[in-house]
Amino acid sequence: MSGTVREAVNLLEILPEQEQDFALEFIKKLVLAWDPDFTKVTSLERRELEEAEKDMQENGTVPHDAINWD
């Protein structure tokens, strides 16, 4: 967790519970304004996607008929 996120969490924890709920709804609106279609990814998600793509390129995938679905 970055220092900025940690600081935000610490500040949110100071607020009364009702105000925490308000702050959370505000944060949700900020995220939606930044990425209304949820198409952007975080740095961690980007790394995970790149690792998965590399793994698929190096090792391929498993065909559907090679899996015992029972």
State whether the number of non-hydrogen atoms from other residues, nucleotides or ligands found under 6.0 Å of [X] atom [atom1] is greater than 12.
{"X": "E17", "atom1": "CD", "value": "no"}
{"X": "Q18", "atom1": "CD", "value": "no"}
{"X": "Q20", "atom1": "CD", "value": "yes"}

For this session: Please check if the side chain of N68 supplies one atom and the backbone of D70 the other of a donor-acceptor pair under 3.5 Å.
Result: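 Flag set: sc N68 to bb D70 pair under 3.5 Å.
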For this session: Kindly say whether L49 contributes a backbone atom to a donor-acceptor pair with the side chain of K54 at under 3.5 angstrom?
Result: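 No, K54 side chain to L49 backbone: no donor-acceptor pair under 3.5 Å.
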For this session: Kindly give the heavy-atom pair with the smallest separation between K40 and E45, and that separation in Å.
Result: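 Looking at all heavy atoms of both residues, the closest pair is O-OE1, 4.4 Å.
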Problem set entry | Nearest heavy-atom neighbours spanning H64 and W69 |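 Reported closest heavy-atom pair: O-NE1, 3.1 Å.
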For this session: Evaluate the side-chain contact (heavy atoms from CB on, under 4.5 Å) criterion for residues E48 and L44: first the C-alpha distance (whole Å), next the side-chain angles of each, then the deciding distance (0.1 Å), finally the verdict.
Result: CA-CA 6 Å; E48 290 173 344; L44 174 61; 3.8 Å; yes
For the atom pair [atom1] ([X]) and [atom2] ([Y]), what is the distance rounded to the nearest 0.5 Å?
{"X": "D35", "Y": "T42", "atom1": "CG", "atom2": "OG1", "result": "11.0 Å"}
{"X": "E50", "Y": "E53", "atom1": "CD", "atom2": "CD", "result": "7.0 Å"}
{"X": "L30", "Y": "K28", "atom1": "CG", "atom2": "NZ", "result": "12.5 Å"}

Exercise. Is it true that L24 and L32 fall in one hydrophobic cluster, defined by side-chain heavy atoms closer than 4.5 Å?
Worked result: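 No, L24 and L32 fall in different hydrophobic clusters.
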For this session: Would you indicate whether the side-chain heavy atoms of N10 and R6 approach each other to under 4.5 Å?
Result: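 Yes, their side chains come closer than 4.5 Å.
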